[in-house]
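Just so it is clear, the structure is predicted and the values come from calculations on it, not from any experiment. In what follows, chains are A, B, ... by sequence order, proteins preceding strands, each numbered from 1.
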Amino acid sequence: MITTHTLTKRYGSTTALDAVDLVVPDGSIYGLVGPNGAGKTTLLGILAGLRAPTSGTIAIDADSSDVAVLSDTPRFDRWLTGYEVVSLARNLTDPNGSPDRVAEVLDETGLHNAANRRVGGYSRGMLQRLGIAATLVGNPRLVLLDEPASALDPQGRREVLDLIARLRGSATVLFSSHILTDVQEVCDTVGILGSGRLLFQGPLHQLLVGSAVPRYHVRLRSDATPVAVALRKARWVKAVEVSDGGGLVIQVKSLADAETHLPQALADAKAAVVSFGPEEVSLERAFLGLTGTGAKQ
Amino acid sequence: MTLWRLEWTRLVRSKRWIALVGVFVFFGLLGPLTARYLAQILQFAGTDSQGVTITFPDPVPADGMAQYISNALQIGTLVVVIVAAGALAFDAIPEMGVFLRTRVPSFWRILTPRLIIPFVATAVAFVVGTVAAWYETWVLLGALPVGAVLLGTALGILFFAFIIAVVAAVAQWARSLLATVMWSLGVFLVLPIVGIVGVLKPWMPTVLGNALTELTAGASATGFWRSTVVAIVAIPALIWLAERGARRREA
């Protein structure tokens, strides 16, 4: 749906985007992740046609009328009602569509009861949902969302994530976020931006597997130190650390080795085991590893 | 909801139409009254208590229009600039600019109602104020030449069209609503100063604002052809400048 080639944006001597080769597959929900100042908003602005790139090319497989954009903090004329905002958006993007679509998206975004209130009285979360309603009302094929859930309370965030998830199959969604759990929950494809460069791009599972180091976490009721000494002698163990809570973090050569040998090794060391299991690799750990933030910490 | 209805709603719900009509009607009613009773007003204020006696010539009908325009032109220009800037500086709040720019591929489609609705509202307000001043002048001071009033009103409307075109151009280059208002007012402060140079004065579009005063006082209509031509040329040029500004702008 979207392909960019060496997309670069400079503001004077500052490089906001550095040769970004973005590939957003048709029908995917693509999460663009990066720390503040990584270039997420600049990239979305260029894709939306709101900013001009310094160099590079962009190919979007959709008419401009099929592309909908939502800024991170949507604002509208205070004296319009919610219904009028969405009605205006429908008229501008899908004038031949059914007027019933306005009420439909207001219902989907939970604004049905506030539809006839002026938006000057809306909370920030309601404005965000109104922005999403105005984005979806034209049945776009490509949706660009800049931090769509950042201003919302947990319930509002859940509703927005559900809305985005429901778009799967009917539209391609590219959304930026710094809330990694949101991206991990909704997206099937991830791009990680750092200092204007695309550090990783691909399916989420590929990122998680690629970042995985085979580790086991063991919680013990007994003293962990003699158990650690015993385990370090095993050939399938690469390293053992005693964690602050008295548990063990065991780095193994392969998870299969650990699954075969670890229970017996713990029994031989007379360890009082509370629980043990493989370390789950989170997007956060992968993100911190790629952006170098984790190393600094 | 369409972009045209949006502008109409902006005018009505934000009560801007009241400011527009109010300022012209207020001065339309006050101007002839002041002209008729200026001597009495100053006498009542007690200027002769300081040993000075001011004698005024008897007011004539043209004084009614002169009082109306002298007041309405200044405050009216300020109000028109603010109202037009509120509609035309749609990028002053970037999120609202993004809402429009990403949904409307043609800048002209956004701009046209934002030019036309404030202009029509301004023209109507100016005409209503002028009719009020004309009627009251007739009642208090006597009749005014119909042709002079109609031509002066038409040139006044052209002047306000020029004001709105200036605001449109400034709005697409300035970064905020306040900057749009201040830079636009700056233009209308500078133009009369440029007009001090005698040879340039007849070419200044700002001269059109006073056409109603001068024509009803007996000035010849031919004295306004140069400023009329400049205004007619400048208005599309300023709108073209607005379009250029909109194209280069990044949200």
Heavy atoms only: give me the nearest L50(A)-R101(B) pair and the separation to one decimal.
-> CD2-CB, 3.9 Å
Tell me the residues of residues 100-119 of chain A whose non-hydrogen atoms fall below 4.5 Å from those of chain B, in number order.
-> R118(A)
For residues E95(B) and S71(A), determine if any side-chain heavy atom of one lies less than 4.5 Å from a side-chain heavy atom of the other.
-> yes
Chain A neighbours within residues 8-18 of chain B, where any heavy atom lies under 4.5 Å away = T9(B), R10(B), R13(B), S14(B)
Inter-residue atom distance D77(A).CG - M96(B).CE, 0.5 Å rounding | 3.0 Å
In a table with atom names and distances, give each donor-acceptor pair under 3.5 Å that connects a side chain of residues 162-174 of chain A to protein atoms at least two apart or in another chain.
unit_1, atom_1, unit_2, atom_2, d
D162(A), OD1, R158(A), NH1, 3.0
R168(A), NH1, D188(A), OD2, 2.6
R168(A), NH2, V186(A), O, 2.6
S170(A), OG, L167(A), O, 3.0
T172(A), OG1, D26(A), OD1, 3.2
T172(A), OG1, G27(A), N, 2.8

For atom CH2 of W240(B), decide whether the heavy atoms of other residues, nucleotides or ligands shown that lie under 6.0 angstrom number more than 12.
-> no
Contacts of residues 83-92 of chain A with chain B (heavy atom under 4.5 Å) = E84(A), V85(A), S87(A), L88(A), A89(A), N91(A), L92(A)
If one checks every heavy atom of T135(A) against chain B at 4.5 Å, the contacting part turns out to be both
Determine whether more than 12 heavy atoms belonging to other residues, nucleotides or ligands lie under 6.0 Å from atom CH2 of W4(B).
-> yes
Chain B contact via L80(A) - side chain, backbone, both or neither, heavy atoms under 4.5 Å = both
Over 12 non-hydrogen atoms of neighbours within 6.0 angstrom of CH2 in W183(B) = no
